[in-house]
Structures are given as structure tokens and as C-alpha cells.
Amino acid sequence: MDCNTIRRKFLEFFESKGHKIVPSAPLVLKNDPTLLFTNSGMVQFKDNFLGHSKPIYNRVADTQKCLRVSGKHNDLEDVGLDTYHHTMFEMLGNWSFGDYFKKEAIAWAWELLTEVYQLPKDRLYVTVFGGDKNDHLPTDADAESLWKQHIATDRILYGSKKDNFWEMGEQGPCGPCSEIHIDLRPEAEVKNQPGKELVNNDHPQVVEIWNLVFMEFNRKADGSLEKLPAQHVDTGMGFERLCMAIQQKTSNYDTDVFRPLIDFISLHADLYRYGTDAKKDIAVRVMADHIRAVAFAIADGQLPSNTGAGYVIRRILRRAVRYGFSYLHFKEPFMHRLVPLLALQLKDVFPELHQQEEYVARVVHEEEISFLRTLEKGLRLIENYDKTISGVQAFELYDTFGFPFDLTSLIAREKNGTVDEKGFHEEMAKQKSRSKADAVKETGDWILTGEDKKTEFIGYDHLESEIKIVKYRKIKHKNKELFQLVFDKTPFYAESGGQVGDTGVIESVNEKINITDTKKENELIVHFTEKLPESLSSVFIARVDQPKRELTKNNHSATHLLHAALRQVLGKHVEQKGSLVNEKNLRFDFSHFAALTPEEIARVERIVNQKIRENILLTEQRHVPIEQAKAMGAMALFGEKYGEFVRMITFDPKFSVELCGGTHVAATGHIGLFKMISESSVAAGVRRIEAVTAEGAQEFVNESLALLTEVKSLLKNPKDTAASLQNMIEEKQTLEKKLDTLYQQQSNVLKDSLALKAVKKKDYTLILDKVTVPNAEALKNIAYALRNQFDDLLLVLAADVEGKPQVAVMIGEKLAATNQFHAGNLVKELAKEIDGGGGGQPFFATAGGKNLSGLDAVLTKAALLISQ
RNA sequence: GGGGGAUUAGCUCAGCUGGCUAGAGCGCUUCCAUGGCAUGGAAGAGGUCAUCGGUUCGAAUCCGAUAUUCUCCA
């Protein structure tokens with residue numbers, strides 16, 4: 001059975017059991033402070049379990065793109081070393097939200113595995129939760145007795161809290177779980193040792209394939225458990241592992257999920273045959289695995305970067321490049337060539353990659369080039385190191401120059417040297433604790449003050465409303481206390497879609513509290529404040545900062561017009577890749593492969609301003625079925641999670657139709673004026689435009705004009721300002737050069753006159769004089785020029801340099817070789833006469849001071865010192 | 001968000017603990033040699049040492065700030 005059939009059969013099976021098949025959520029999460037990536041199938045339903053929103057369907061199934069790079073069972077650095085860990089994988093799952101529970105979940109799981117997939121019953125084991133004293137929980141007897149209807153009693157095993165009690169995090173919904181394991185070893189081995197002894201023992205051939213979680217509790221911040229009002233089922237089955245079991249392979253990488261990638265990599269690694277060299281195999285697996293994670297993350301809108309989720313993507317890609325570089329001799333960018341293959345392979349399941357294939361490959365390619373450059377630089381640095389490399393050095397290479405530690409040790413070994421690994425890890429630990437100390441954050445439990453229900457957002461129509469506080473909690477960060485409030489309804493817009501959150505106040509009869517920000521946690525609208533209201537149960541008037549909201553609206557609507565204009569001018573490949581809209585300006589990132597020409601910029605700006613003058617009325621539709629919206633030409637963004645119903649914002653159905661939750665002007669005329677401030681690049685294939693509107697644009701134009709007026713007036717209002725300035729700059733350069741030559745000539749004259757005064761002594765030619773020179777540079781020049789003239793020169797010049805005393809001592813080449821005089825020592829002695837200090841090299845030294853009248857004394861003293 | 005680096009000629013970079021008049025390779029200009037050249041030789045042009053401020057007799061070098069950029073950690 002090929003992998004596509006396996007996936008299809010899973011979905012068909014649950015569809016036949018009354019489940020709604022939903023699409024995978026994006027890999028990258030936007031509104032969840034606790035998580036960077038979707039790491040399991042249940043993430044997109046988190047709000048349903050937490051009770052923040054009601055599910056639309058109570059039975060759902062899907063295949064979900066997941067990414068795991070750290071956690072109790074997974075670490076990025078382990079992936080590829082063995083044959084079963086992955087960064088990105090698909091998780092098949094079925095869910096019940098307060099609908100069916102353990103009985104159906106267990107029966108269907110068994111039916112699917114043994115009847116649809118025909119997995120051998122005598123190789124399956126199941127585990128149930130064996131209870132936990134600390135949590136005062138008994139064995140999961142329900143699951144136990146249900147399993148007994150399907151499977152022999154001796155194939156049921158009992159697991160501890162660690163293996164059989166599933167928790168979302170330190171807080172939140174949780175419950176006992178029941179896992180299905182399969183023994184894939186050859187017959188002989190099975191006879192030797194029963195599979196049940198190997199379950200949950202990290203054996204690569206005796207593995208868990210399906211986890212059925214029965215969510216019935218909520219874990220509170222103090223660690224105690226509370227029964228949930230409704231019970232849910234959450235299951236997850238690793239797709240790649242399931243394929244291995246059904247296709248009777250010994251590794252996930254041997255299935256047809258990975259094989260095409262592996263073959264392509266091997267082909268281009270000098271026709272390497274996979275399976276013939278353990279180290280090279282690891283490299284091949286790393287590359288095959290990592291390209292999936294990287295490509296899908298980029299397709300979902302996450303570019304590699306140096307912070308947050310983007311940094312994780314960068315690390316994954318770099319790890320793959322590193323392995324290819326070290327073990328398969330890929331010295332040129334290669335990973336990007338895997339993108340088309342992967343896109344084609346998953347075209348029907350995850351079309352987002354196929355649709356953005358060129359863009360994704362380009363980003364990967366650019367990132368590869370940049371890392372190979374980093375490697376090259378590191379290699380050059382490491383050449384200058386001793387063959388024993390200290391931990392501090394290795395860490396500096398890694399931390400400052402991004403040079404991977406394993407490459408450092410590889411190179412050290414090649415030179416028969418060593419690296420202090422312990423020292424390296426110590427340095428790393430220091431770095432980590434520095435960062436952690438900065439990031440500590442304590443989050444308290446939500447405390448209910450009213451009936452817990454979903455907040456109604458009324459901010460599209462109202463900027464002011466009576467509200468009640470539903471719940472609140474305390475956040476501690478860097479010794480600062482913050483409170484988060486949730487209302488029954490709110491006019492405050494929570495940051496999303498690039499638009500900043502509203503600020504404002506809530507006010508009761510007795511008090512007035514500032515709301516400093518509004519954010520979303522998944523679907524929950526959270527208001528931030530520094531002060532907790534005293535009477536939490538009062539009725540408050542919530543009031544949004546209106547001027548700020550108005551200015552923000554201008555910028556948001558302008559962003560839509562800009563997006564549409566860009567597509568008109570540049571082409572349909574322009575897709576939004578990021579957006580920031582606040583009261584001051586707007587920033588819009590989009591896919592496009594070249595810098596905009598001044599003409600393109602002008603055209604885009606002209607179109608946007610024309611649309612503003614047309615004063616197009618806003619058409620806002622709040623509840624359109626997603627399919628209908630798409631049919632009407634609305635652009636859905638990659639990496640954005642849309643519900644069944646969407647909000648549509650239209651400014652002229654022929655011009656701009658977008659799915660958007662933000663706030664907008666009633667008619668485009670409100671925007672007033674649109675002015676682009678800058679156009680730049682953020683990453684390969686992504687451009688950024690910054691612009692201002694309304695008052696901001698007016699201010700910008702006024703300031704620019706004022707500056708120009710000032711410049712013009714300084715130049716005495718020339719006909720052509722730019723040319724006049726250009727002239728002036730050129731003129732200045734010529735003058736500087738002329739002045740230079742003039743000084744040079746002066747110095748020459750002075751030098752010649754000094755040369756005439758030279759007195760020939762027995763061992764040397766003495767020049768001792770007082771001079772006036774324009775700058776220190778000239779003094780130096782004269783000294784060097786005289787040195788070229790007399791190889792037995794002994795020169796002492798007491799100079800007046802722009803009113804400051806300076807002394808120069810120069811000793812000719814031949815004389816210097818005799819070590820008879822030391823310019824540095826001499827000048828130090830002489831400097832005393834001018835209340836200064838100095839030094840230099842044995843043959844040339846200078847000194848400066850404060851006492852100009854001491855110059856004569858310098859010469860007298862010099863004569864004395866020399867004659868000694 | 002918190003660290004660590006880097007910024008020197010058109011490009012890639014040297015320049016050790018402050019002091020040889022800031023260098024190399026490539027590229028550029030001119031000239032010479034060969035029938036031709038990704039050729040050889042010679043000469044030459046090109047630098048506010050990112051910006052601003054400080055320490056010092058003296059700063060590319062030390063200190064601080066800003067900008068740009070690379071990199072690690074969260």
C-alpha cells in the first residue's frame with residue numbers, strides 16, 4: 001500500500017464514522033505565546049479544549065503538518081542519527097469534542113489498524129494508564145475493560161504517568177491516554193524475546209504508532225487537577241511510522257515518503273549508494289528530513305531569520321547544509337533543488353508548497369549561499385588556530401562566527417589536534433543562562449470573576465461600550481507585574497493581521513484603568529494593564545483611544561490598496577509575506593524577485609492615490625463562507641488559518657478584495673494621501689515597502705520640502721539645486737588637493753632651507769632649528785624628506801604648529817643602525833621643556849606640549865644632550 | 001528580548017600589545033613585448049580607515065554613542 005493510499009484510507013475511514021475532514025493548520029503559529037510551531041494534531045483545536053471557543057463540528061479528522069525540534073523525546077541534533085526521528089512529520093488524528101469517548105475511540109482505532117490496514121493482531125500491544133499516587137488517580141479501568149473486548153489480556157500493558165498521562169503543557173487540559181504499539185522485528189527475534197518487554201523502551205522496531213488521549217482534566221498552576229465539564233478525545237498517529245509498519249520496512253526513511261528524496265540526494269552525491277556507509281547515510285537522512293521542515297515552514301510564511309521561529313528554520317537548514325558539506329561533499333548549494341521534488345510529491349495533500357515552489361526554492365538557495373559563506377569564513381579563521389582548540393575559542397567560532405562545533409572538532413581531528421568539548425559546553429551554558437535570566441516569565445491561573453464565555457468583539461461598530469470583566473490573571477516578567485483581563489465583550493481590537501492592538505481605558509464610577517495593549521492568545525482577546533481594578537465585578541465603560549485607531553485604519557486600508565496596486569504593476573506573483581500597521585506608518589512585505597524601479601514605485605504610488613481620490617466606499621461582509629469568498633476573488637494568504645466563515649473587505653470588487661479581520665476606513669478618501677518612504681529587501685525574494693498616509697504623509701512631505709527650501713536658500717537658490725551641490729562638492733575636492741600641494745611646496749621650501757643649515761659633525765649631520773608649520777603632518781613630511789637626503793642625519797625640530805609647541809626628532813638610517821642615539825628617549829627628555837610628553841620609534845619620535853615659549857630651551861637642551 | 005563580532009582602495013581582505021609617510025591579491029588606466037590570448041612585463045590612479053564624540057604628545061588601532069551588517073541564545 002503506498003503512502004498516498006494509506007493517508008486517503010485514514011481520512012475516508014473517519015469520514016464514514018461521521019467526522020468532518022478539515023485541512024491541516026499552518027506549521028507556524030501566530031497567536032500563541034507558548035508555542036512556535038504546530039507540534040501535534042491537536043494544536044489547531046487547543047481553544048476548543050481550553051474552552052475559549054466552541055467547536056463547529058464535534059467530530060473531526062485530518063492530517064496535520066507538525067514540527068518538532070526540541071522536547072522530551074526529540075532534539076534537532078538527534079534527527080537523522082537514528083532511523084525514526086523527524087523534524088517535520090504528518091500526524092493523522094481524529095477528535096471528539098464532548099461527543100464520543102473511550103469506547104468508540106478504541107473500537108475504531110482497532111478496526112482501522114487491523115481491518116483496513118490489515119496489521120497483524122499478534123504484533124500489536126496496547127498500553128493503558130496505570131494510575132498515579134501524587135495525582136490521586138486510579139488505573140484507567142474503562143480503557144482496560146474496553147480493550148479486553150478486542151485484544152488478549154496479556155497484550156495490555158500498564159503505563160506510568162510519564163508514558164500514559166498526556167498533558168498539553170504545565171497547565172491546561174490533560175488526561176490518561178492509551179497507546180497502540182507494534183512489534184516489527186523479524187520472526188526469529190520475536191521468538192527470542194517477547195515484544196511486550198520492549199514496549200516503550202526506545203527499540204527502533206517496537207514502536208508506538210497511535211496515541212489515544214482521553215481528555216478529562218484541567219491542570220491548574222498549583223499542580224492540582226480539576227474535572228473538565230465535557231470529555232474529549234484527541235488522537236495522534238505518526239503517518240511516516242504508520243507507513244513503515246504497513247509497508248513492512250525497518251525505517252521510516254525506507255518508505256515511499258522519503259525514498260524519492262533519498263534517491264535524488266544519493267544520485268547527486270557522486271552516485272552514492274544509500275545504505276553502504278553509516279556516516280553518509282546519516283547525512284542523506286538529515287537532508288531528506290530537513291528539507292521538508294524548511295520548505296513547508298517557508299511556504300507557510302516563515303522566512304529564515306535570526307530570531308524566534310525564523311531562527312529555528314535557519315538552524316534546521318544549516319544543519320542539513322553542514323551534513324551535506326562534511327559527509328557528501330556538497331560544496332555548492334543543493335538543498336534548494338529538492339524543493340520541486342517535494343512539492344510534486346505532496347501536491348495534492350499540501351498544495352501550498354507546489355503553488356509557491358519557485359519562491360521557496362529561491363529563499364532556500366539564498367540561505368544556503370549565505371551559510372556557505374559563513375562556513376568559508378570560519379574555515380579561514382580556524383586555519384590560524386593551534387591544533388588544540390580551547391573551549392573558549394571553539395565557542396567564539398560558534399557564537400560569534402556561526403561556525404558549527406562539530407566542524408571545529410572534525411577539523412581539529414584532521415590536524416591530529418583536539419577540541420575542549422567540556423569547555424565549549426560550559427561557555428554555551430553561560431550563554432543560555434544569560435538569555436534565560438532575561439526571559440523568565442511567570443504566568444498565573446485565570447481567575448474567573450463572571451461566567452466564562454467567549455468574548456464578543458464589537459470594535460468594528462463601537463469604540464466605547466459597557467463591559468464586565470470575565471476573568472483575569474497575573475504575569476510576572478523581569479520583576480514587572482502585569483495583568484491580563486478578558487471581558488464579556490470588547491471594543492478593543494487585538495493585534496492581528498499586522499494591525500497593532502488597541503489601547504485606551506476602562507472606567508467605572510470609582511476608578512480608571514489604562515489598557516496598554518490588546519493581544520490575541522489563539523482566539524482569546526486579552527487586554528493588558530499595569531493595574532488591576534479594585535472592584536472586579538463592577539460594570540466598566542471601555543473606551544478605545546480613538547485618534548490612534550483612526551490613524552491605524554487609514555494605514556490598514558492603504559495597505560490593501562497598495563497590495564492591489566502592486567499586483568497590478570508587478571504581476572500576480574506578488575503575495576503578502578508580512579505586514580505591520582500602526583498609527584504612524586505601514587510596512588508591507590511581499591514576494592517579488594527584484595528591487596522596484598523608480599518608475600514602478602511612481603506607478604504604484606499613483607494608482608494608490610488615484611484610488612484614494614476615487615473615494616471608494618468600503619464593502620464589509622462579516623460572515624461569508626470561505627469557499628464563496630474565494631470564488632469572489634478574495635485572496636487567501638498562505639500560512640494563515642481561516643475558519644469556515646470569513647470577513648471580506650472590498651474596495652471596488654474589481655480592485656481590492658481581501659480576507660481581513662482588521663479595521664478600515666468607510667471610504668478611501670479618508671486616507672487623504674499615500675506616500676512611500678522606502679523600498680528595500682528583507683530576504684531572498686521578499687521586498688519591503690514602508691509608507692505613510694494622511695497626517696503622517698502630509699508631515700513627511702512638509703518636512704522634505706522644508707529641508708529642500710533650506711538647502712536651496714543655503715545655496716542662494718540656484719536654478720538646478722542638485723547640479724549646484726554637485727559642483728560645490730567637486731570644487732571642495734579640488735581645493736583640498738590644491739591646499740595639499742601648497743603645503744607640500746611650503747614644506748619643500750622649508751626642508752631645503754633646513755638642509756642648507758645642516759652642520760657636518762664627526763659621526764653625524766646635525767640639523768637643529770625652530771620652525772613654523774601648518775600641521776603635524778607637514779612636520780612629519782619634512783623630517784622624512786630630510787632623512788632621505790642624509791643617511792647620517794640627526795634632526796631636532798622645535799615647531800610651532802598652529803600655536804602649539806611640538807618637537808620632532810629624526811635619526812638617519814645609517815646613524816640609527818649604530819644605536820648611538822635613540823629618538824624616543826631624546827624626545828622624552830626634550831618634551832619636559834614644553835610641559836609635555838612624547839615618544840615614538842628609535843629613529844623617529846614626536847612630542848607635544850603646552851608651553852610654546854619653551855621651544856628655545858628645547859634647542860639648547862638638545863645641543864647639550866647630543867654633545868654628551 | 002539578551003550576548004558576541006565586523007565595518008580599511010571598485011571587490012576580497014592583511015594591519016600583533018597606539019608610533020616604519022595605511023598594505024596585498026584581483027580589478028581599473030597607460031605604456032611595452034608576441035600573429036592571437038583568461039598572456040607576460042613596467043608604470044600609475046584609487047582610501048574623510050562607517051559616522052560622531054572622548055582618552056593621548058600621537059588613534060585605523062583604546063573607550064563611549066549611533067548606523068549598517070553577521071552570528072549565537074531565549
Side-chain angles (χ1 to χ4, degrees), chain A residues 33-34 36 69-70 76 304-312 314-315 318 367 369-371 373-378 380-381 383-384 392-405 424-425 427-441 477-478 480 680-682 729 732-733 736-737 740 743-744 747 751 775-788 797-799 801 804-813 816 822-824 826-852 854 858:
Chain A
T34 63
L36 290 174
V69 285
S70 59
L76 176 60
S305 75
N306 59 354
T307 54
Y311 180 56
V312 175
R314 172 168 284 174
R315 262 171 55 193
R318 290 184 167 197
E367 186 67 20
I369 290 173
S370 122
F371 183 56
R373 207 161 32 216
T374 303
L375 281 184
E376 203 182 307
K377 198 162 187 165
R380 223 169 28 224
L381 281 168
E383 264 174 31
N384 300 325
V392 176
Q393 277 177 319
F395 184 72
E396 192 202 18
L397 276 170
Y398 175 71
D399 180 56
T400 303
F401 301 104
F403 197 73
F405 178 74
F424 173 83
H425 289 296
E427 290 299 314
M428 182 70 123
K430 278 188 219 162
Q431 154 96 317
K432 285 193 179 179
S433 68
R434 261 199 307 269
S435 287
K436 274 213 179 100
D438 179 68
V440 276
K441 198 168 140 187
H477 181 50
K478 282 192 188 174
K480 265 184 81 181
S680 59
S681 160
V682 243
I729 292 166
K732 176 181 159 275
Q733 279 171 344
E736 267 172 1
K737 287 222 163 127
D740 240 25
Y743 280 154
Q744 195 69 45
S747 301
K751 184 210 84 179
N775 53 38
E777 190 68 23
L779 188 63
K780 203 177 192 177
N781 283 336
I782 292 166
Y784 273 98
L786 287 168
R787 177 176 182 245
N788 289 336
L797 290 177
V801 182
K804 279 188 174 174
Q806 201 156 4
V807 180
V809 176
M810 174 65 89
I811 293 167
E813 210 165 334
H822 188 284
L826 206 53
V827 91
K828 266 179 201 151
E829 209 44 51
L830 298 175
K832 288 176 186 165
E833 302 304 320
I834 50 169
D835 297 342
Q841 305 114 81
F843 73 95
F844 179 66
T846 56
K850 289 172 223 145
N851 183 15
L852 193 61
V858 167

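What's counted below: heavy atoms across the whole structure, side chains too, no hydrogens, waters or symmetry copies. In what follows, every chain begins at residue 1, and chains take the letters A, B, ... in the order their sequences are listed.
Proximity note for A:T400 (side chain, C-beta onward) versus B:G5, B:G3, B:U71: the nearest is B:G5. In this structure, the nucleotide among B:C57, B:G5, B:C72 sitting nearest to the side chain of A:Q806 is B:C57. Among B:C57, B:A74, B:U71, the nucleotide with an atom closest to any side-chain atom of A:S435 is B:A74.
Nearest heavy atoms, A:L397 versus A:G378: CD2-O, 4.4 Å.
Looking only at side-chain heavy atoms (C-beta outward), A:F395 and A:K430 stay at 4.5 Å or farther from each other. Within the 4.5 Å cutoff, side-chain heavy atoms of A:F371 are placed close to those of A:P404. Residues A:S305 and A:E367 fail the side-chain proximity criterion, which asks for heavy atoms closer than 4.5 Å. Looking at A:T846 and A:V807, their side chains never come closer than 4.5 Å, going by heavy atoms from C-beta outward.
Residue A:R373 is classed as having no contact, given no heavy-atom separation below 4.0 Å to the nucleic acid. Among the heavy atoms of the strands lying under 4.0 Å from A:G402 are primed sugar atoms or P, OP1, OP2 only; no base atom is included. Using a 4.0 Å heavy-atom criterion, one finds that A:G824 contacts no nucleic acid atom at all. Nucleic acid contact class of A:G837 (heavy atoms, under 4.0 Å, all strands): base. Within the nucleic acid shown, A:G840 comes within 4.0 Å of at least one base atom, counting heavy atoms only. If you check every strand for non-hydrogen atoms under 4.0 Å, A:F395 touches nothing.
Taking side-chain N and O atoms only, A:R318 has a distance below 4.0 Å to OP1 or OP2 of B:U71. Close to B:A74, at under 4.0 Å from its OP1 or OP2, lies no side-chain N or O of A:T307. Regarding contacts with the backbone of B:U71, a side-chain N or O of A:R314 is found under 4.0 angstrom from either OP1 or OP2.
A straight line from CD of A:Q841 to C1' of B:G19 spans 4 Å, rounded to a whole angstrom. One atom, CG of A:D399, and another, P of B:G5, lie 9 Å apart when rounded to the nearest Å. Regarding A:L397, its CG atom lies at a distance of 12 Å from the C1' atom of B:U71, rounded to whole Å. Look at CG on A:N306: it is 14 Å from P on B:A74, rounded to the nearest Å. The interatomic distance linking A:Q431 (CD) with B:G3 (P) rounds to 10 Å, in whole Å. One interatomic measurement links the two molecules: CD1 of A:I834 to P of B:G58, which rounds to 11 Å at whole-angstrom precision. Between the NZ atom of A:K430 and the P atom of B:G4 there is a distance of 13 Å, rounded to whole Å. One can place CG of A:L375 at 11 Å from P of B:U71, the figure rounded to the nearest angstrom.
Between B:G3 and B:A65, the distance separating the two P atoms is 11 Å to the nearest Å. B:A9 sits 15 Å from B:A50 when the C1' atoms are compared, rounded to a whole Å. B:C31 and B:C37: their P atoms are spaced 15 Å apart (whole Å). On the C1' atoms, B:C63 is 49 Å away from B:G41, given to the nearest whole Å. Atom name C1', nucleotides B:G27 and B:C11: the rounded distance is 7 Å, in whole Å. Comparing the P positions of B:C49 and B:C20 gives a spacing of 16 Å, expressed to the nearest Å. To the nearest whole angstrom, the two C1' atoms, one in B:G1 and one in B:G10, are 39 Å apart. Distance check on atom C1': B:U61 versus B:C72 gives 27 Å, rounded to whole Å.
When the nearest nucleotides of RNA chain B are assigned to A:K804 and A:F403 by heavy-atom distance, the more 5′-ward of the two goes with A:K804. Of the two residues near RNA chain B, A:E396 and A:T846, the one whose nearest nucleotide lies more 5' is A:E396.
Here A:M810 contributes atom CE and A:I782 contributes atom CD1; the two are 11.0 Å apart, rounded to the nearest 0.5 Å. Taking CG from A:L375 and CZ from A:R380, the interatomic distance works out to 12.0 Å, rounded to the nearest 0.5 Å.
Under the ring-ring contact (aromatic ring centres under 6.0 Å, His included) criterion, A:F403 pairs with no residue at all, not counting sequence neighbours.
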- Item | Pairing pattern in dot-bracket form [Watson-Crick, G-U; both distances under 3.5 Å; | = partner strand] for RNA chain B | (((((((..((((.....[...)))).((((((.....)))))).....(((((..]....)))))))))))).
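A parallel orientation is assigned to the rings of A:F405 and A:F424, their planes being inclined by less than 30° (bins at 30° and 60°).
The residues A:E376 and A:R373 are annotated as not salt-bridged, no charged nitrogen and carboxylate oxygen being separated by less than 4.0 angstrom.
Using modelled atom types, no side-chain atom of A:S435 and backbone atom of A:K432 make a donor-acceptor pair closer than 3.5 Å.
When A:L852, A:D835, A:N851 are each tested for a side chain to side chain contact (heavy atoms under 4.5 Å, CB included) with A:P805, only one passes: A:L852.
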What does the list of N/O pairs under 3.5 Å between the protein and nucleotides 13-16 of chain B look like, with a distance for each?
unit_1: B:C13; atom_1: OP1; unit_2: A:R380; atom_2: NH2; d: 2.9

